[in-house]
Amino acid sequence: MSNWDKSSFIEHMRDNCSREIAKIGEAIIEFSEKHGSDISWGRGSEYGTMTFRCECDDGHLPLFHITSTGQLNLQINFMRSKEIPPMVIRDVVIKLESNFLRDYDEEGYPSDVFVQMDDLFHTQSQVDKFIKTMEGATYRLKQ
């Protein structure tokens with residue numbers, strides 16, 4: 001059973017993050033509710049997590065996690081371990097690399113880790129591009 005839900009997650013995020021990061025978190029949650037085939041809320045006692053999953057041939061595939069302390073975990077290596085069409089992963093990686101100016105290749109990003117969202121998002125355009133990237137991946141994985 002989940003200890004967290006949308007309202008407790010957002011409240012905790014507002015209390016523990018800057019106003020800008022809390023707004024980004026709310027935008028990601030809104031996107032997730034609209035486009036995710038499965039959203040789950042964590043069971044932790046110290047902070048909340050939300051996992052965004054989309055429907056694909058293998059069932060519900062997690063694309064990212066966010067925490068109520070303002071962290072984002074992209075599930076790129078997890079997707080690589082599944083039988084996802086390589087062109088879908090390549091498209092996601094290229095878009096994320098250009099958006100965040102980070103390397104997400106297998107050598108530069110060997111494991112999926114939580115990163116502070118204020119290290120990733122500096123403009124609203126970056127938030128919008130991240131959401132569009134996840135929306136595109138979700139659409140392509142449903143095909």
Side-chain angles (χ1 to χ4, degrees), residues 1-86 88-93 95-97 99-143:
M1 181 77 182
S2 174
N3 290 346
W4 295 87
D5 59 18
K6 179 182 176 180
S7 60
S8 61
F9 186 94
I10 290 174
E11 182 180 333
H12 192 262
M13 186 172 254
R14 286 177 180 163
D15 291 342
N16 291 281
C17 300
S18 69
R19 186 172 152 203
E20 293 80 17
I21 294 301
K23 287 180 119 182
I24 291 168
E26 289 180 50
I28 292 171
I29 291 168
E30 184 178 310
F31 158 77
S32 299
E33 290 178 324
K34 193 175 192 181
H35 295 283
S37 57
D38 181 49
I39 299 169
S40 61
W41 301 98
R43 295 175 287 181
S45 59
E46 293 181 34
Y47 60 88
T49 57
M50 185 207 73
T51 302
F52 173 89
R53 292 180 184 87
C54 71
E55 188 69 39
C56 71
D57 291 340
D58 291 340
H60 295 287
L61 177 73
L63 296 186
F64 63 86
H65 309 285
I66 64 171
T67 69
S68 61
T69 55
Q71 296 177 315
L72 176 70
N73 180 311
L74 299 166
Q75 293 289 284
I76 295 168
N77 288 303
F78 183 78
M79 287 191 295
R80 286 181 178 131
S81 72
K82 299 295 179 184
E83 293 186 21
I84 306 295
V88 174
I89 296 172
R90 188 177 17 220
D91 184 54
V92 168
V93 167
K95 288 178 179 175
L96 291 174
E97 285 179 339
N99 191 37
F100 296 136
L101 302 177
R102 292 172 175 253
D103 288 328
Y104 290 106
D105 63 339
E106 293 180 58
E107 288 180 26
Y109 191 74
S111 61
D112 298 325
V113 295
F114 283 94
V115 177
Q116 292 294 331
M117 289 196 299
D118 56 2
D119 290 340
L120 296 174
F121 298 106
H122 303 289
T123 65
Q124 183 61 43
S125 175
Q126 287 179 303
V127 177
D128 296 340
K129 288 178 183 177
F130 169 75
I131 288 173
K132 287 291 184 194
T133 299
M134 292 300 117
E135 185 178 356
T138 299
Y139 176 76
R140 292 181 74 185
L141 289 168
K142 286 182 181 178
Q143 292 181 333

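Please read these numbers as outputs of a predicted model, since none were measured by experiment.
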Visitor: Is the number of heavy atoms from other residues, nucleotides or ligands under 6.0 Å of Glu135 CD greater than 12?
Guide: yes
Visitor: Does any part of the side chain of Met50, heavy atoms only, come nearer than 4.5 Å to the side chain of Met13, both counted from C-beta?
Guide: no
Visitor: To the nearest 0.5 angstrom, please state how far the CG atom of Leu63 sits from the CZ atom of Phe52.
Guide: 5.5 Å
Visitor: For Tyr109, is the OH atom crowded, meaning more than 12 foreign heavy atoms sit under 6.0 Å from it?
Guide: yes
Visitor: Evaluate whether atom NZ of Lys132 has more than 12 neighbouring non-hydrogen atoms of other residues, nucleotides or ligands under 6.0 angstrom away.
Guide: no
Visitor: Would you say Val92 and Tyr104 make side-chain contact, with heavy atoms under 4.5 Å?
Guide: no
Visitor: Keeping the roles fixed (side chain from Asp112, backbone from Asn77), state whether a donor-acceptor pair exists under 3.5 Å.
Guide: yes
Visitor: Would you indicate whether the side-chain heavy atoms of Ile39 and Ile29 approach each other to under 4.5 Å?
Guide: no
Visitor: Nearest 0.5 Å, please: how far is CZ in Phe78 from OG in Ser111?
Guide: 14.0 Å
Visitor: Hey, are the side chains of His122 and Leu101 touching, using non-hydrogen atoms and a 4.5 Å cut-off?
Guide: no
Visitor: So, taking the atom named CD1 in Ile89 and the one named CG in Leu141, what distance separates them when rounded to the nearest 0.5 Å?
Guide: 8.5 Å
Visitor: CZ of Phe31 to CG of Asp128: how many Å apart, nearest 0.5 Å?
Guide: 12.0 Å
Visitor: Who are the side-chain contact (heavy atoms from CB on, under 4.5 Å) partners of Ser125, not counting sequence neighbours?
Guide: Thr123, Lys129
Visitor: Quick one: are Leu72 and Phe121 in side-chain contact, heavy atoms under 4.5 Å?
Guide: yes
Visitor: Could you tell me whether a side-chain N or O of Glu55 sits under 3.5 Å from a main-chain N or O of Lys142, the two making a donor and an acceptor?
Guide: no
Visitor: Do Arg90 and Val93 come close enough that some side-chain heavy atom pair is under 4.5 Å?
Guide: no
Visitor: Show your working on side chain to side chain contact (heavy atoms under 4.5 Å, CB included) between Met134 and Leu96 and close with a plain yes or no.
Guide: CA-CA 10 Å; Met134 292 300 117; Leu96 291 174; 4.2 Å; yes
Visitor: Within the 4.5 Å heavy-atom criterion, are Arg102 and Val115 side-chain neighbours or not?
Guide: yes
